[in-house]
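Note sheet for the following structure.
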Amino acid sequence: MPSGPLAHVCLLVEDLDRAVEDWTKLLGVLDPAQLEEQLVRYEEFEGGEDSMRWATFVNHGGAEIQLMEPSPDSPLGKRLAKHGEHVHHICFTSDDPEETSRRLAEVGVETGSVSEDPTMPWQRWTWVMPSDTHGTLVEIARPYVAVDGRWESASEADR
């Protein structure tokens, strides 16, 4: 898991394998520490109406680079076809996304409902819409750690 609450920057890409290859070259020069850990990679992942492949370069010292290749007929696939490759979202972590959503609402920032992942029952997240962030989708998710190329909860209470 990254060392601070800014967890990752997620890019929407057309070809995951090519993006991993290109980012491996970039990070080899710019941030070699992100290449020391095994890449976290999911060949099949679903979120809402979207299905995708994705990979994340693990960085214990700072924000990670995450790459998503959506299925062409999914909402994200249609977005990619329309807008091309781009930053999809940035992610901050919070032990309690529900409480964070409540606190954001108190200061006038609207979030979506909190979602859960049935394959990772410890994980919950919500979104702050681009209208409140000047154009960038912001994810708020529970902290995670990379273990053998998969995500696990960073909280001892979940293990």
Side-chain angles (χ1 to χ4, degrees), residues 1-20 22-24 26-27 30-31 34 39-146 151 153-155:
M1 183 178 101
S3 62
L6 176 55
H8 63 257
V9 175
C10 180
L11 307 172
L12 208 53
V13 300
E14 294 175 0
D15 180 336
L16 182 64
D17 299 320
R18 176 64 190 258
V20 166
D22 291 343
W23 275 93
T24 298
L26 284 164
L27 294 171
L30 300 173
D31 190 4
Q34 287 203 55
L39 192 70
V40 173
R41 187 172 180 136
Y42 289 82
E43 291 301 321
E44 294 180 21
F45 190 83
E46 293 185 8
E49 297 177 28
D50 288 298
S51 59
M52 65 201 78
R53 301 170 58 216
W54 61 265
T56 304
F57 291 92
V58 177
N59 184 355
H60 297 292
E64 298 168 333
I65 300 296
Q66 184 178 88
L67 308 166
M68 280 192 324
E69 176 193 334
S71 298
D73 293 333
S74 70
L76 282 177
K78 292 173 184 172
R79 176 178 168 174
L80 177 62
K82 183 176 181 178
H83 299 288
E85 296 180 311
H86 60 279
V87 173
H88 178 262
H89 69 269
I90 60 173
C91 176
F92 289 86
T93 58
S94 166
D95 288 330
D96 189 344
E98 293 87 353
E99 173 63 14
T100 301
S101 291
R102 187 192 63 71
R103 290 178 49 218
L104 286 168
E106 285 178 356
V107 297
V109 175
E110 185 178 343
T111 63
S113 60
V114 174
S115 299
E116 295 180 1
D117 185 335
T119 65
M120 293 182 268
W122 53 268
Q123 185 54 283
R124 295 186 316 277
W125 68 92
T126 188
W127 301 98
V128 178
M129 295 299 117
S131 57
D132 281 331
T133 64
H134 298 267
T136 301
L137 186 61
V138 173
E139 178 184 15
I140 302 164
R142 291 201 62 221
Y144 54 87
V145 293
W151 292 132
S153 173
S155 172

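All residue numbers refer to positions in the sequence shown, counting from 1. It should be emphasised that the depicted structure is a prediction, and the values quoted were computed from it without experimental measurement.
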Practice item. Take Asp96 and Ser94, measure what side chain to side chain donor-acceptor pair (under 3.5 Å) needs, and give me the verdict at the end. Key: CA-CA 5 Å; Asp96 189 344; Ser94 166; over 6 Å; no
Exercise for review: Any chance you could lay out the salt bridge (Lys or Arg N to Asp or Glu O under 4.0 Å) test for Glu98 and Arg124, step after step, and finish with the verdict?
Suggested key: CA-CA 9 Å; Glu98 293 87 353; Arg124 295 186 316 277; 2.7 Å; yes
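Between the side chain of Asp50 and the backbone N or O of Leu76 there is at least one donor-acceptor pair closer than 3.5 Å. Judged by distance alone, the side chain of Thr126 and the main-chain N or O of Gly112 form a donor-acceptor pair under 3.5 Å. Although no hydrogens or angles enter the test, the distance criterion places a donor-acceptor pair under 3.5 Å between the side chain of Glu69 and the main chain of Leu16.
Annotation: side chain of Val13 is not in contact with side chain of Leu80 (no heavy-atom distance under 4.5 Å). Side chains of Phe57 and Leu39 form a contact here, defined as non-hydrogen atoms less than 4.5 Å apart. Side-chain contact between Val128 and Leu137: absent, with no pair of heavy atoms (C-beta onward) separated by less than 4.5 Å. Counting heavy atoms from C-beta outward, Trp125 and Pro97 have side chains that stay 4.5 Å or more apart.
Distance check, rounded to the nearest 0.5 Å: NE2 of His8 to NE2 of His88 gives 9.5 Å. With values rounded to the nearest 0.5 angstrom, Glu85 atom CD is found 12.0 Å from Met68 atom CE. Note that SG of Cys91 and CD of Gln66 are 7.5 Å apart. Values are rounded to the nearest 0.5 Å. Considering CD of Glu44 and OG1 of Thr119, their distance stands at 11.5 Å, rounded to 0.5 Å. Rounding to the nearest 0.5 Å places CE of Met52 at 6.5 Å from CZ of Phe45. Residue Thr136 holds its OG1 atom at 12.5 Å from CE of Met129, rounded to the nearest 0.5 Å.
For the pair Pro75 and Glu49, the tightest heavy-atom approach, listed with the atom from each and the gap, is CD-O, 3.5 Å. The shortest heavy-atom contact between Gly84 and His86 is O-ND1, 2.6 Å. Across all their heavy atoms, Val40 and Ala146 have their closest contact at CG2-CB, 3.6 Å. Contact between Leu6 and Ile90 at its shortest, heavy atoms only, is CD1-CB, 4.4 Å. Scanning all heavy atoms of the two residues, the minimum distance from Trp122 to Arg142 falls at O-NH1, 2.7 Å.
Residues passing the side-chain hydrogen bond (donor to acceptor under 3.5 Å, both in side chains) test with Arg41 are Asp17, Glu43, sequence neighbours excluded. The salt bridge (charged side-chain N to carboxylate O under 4.0 Å, His left out) test applied to Arg102 returns Glu99, Glu106, not counting sequence neighbours.
Relative orientation of the Trp127 and His89 rings is perpendicular, given thresholds of 30° and 60° on the angle between their planes.
Results of the side chain to side chain contact (heavy atoms under 4.5 Å, CB included) test with Leu67 over Asp15, Asp22, Leu12, Val20 single out Val20 as the only residue that passes.
Side-chain polar atoms of Ser71 and Asp73 form no donor-acceptor pair below 3.5 angstrom.
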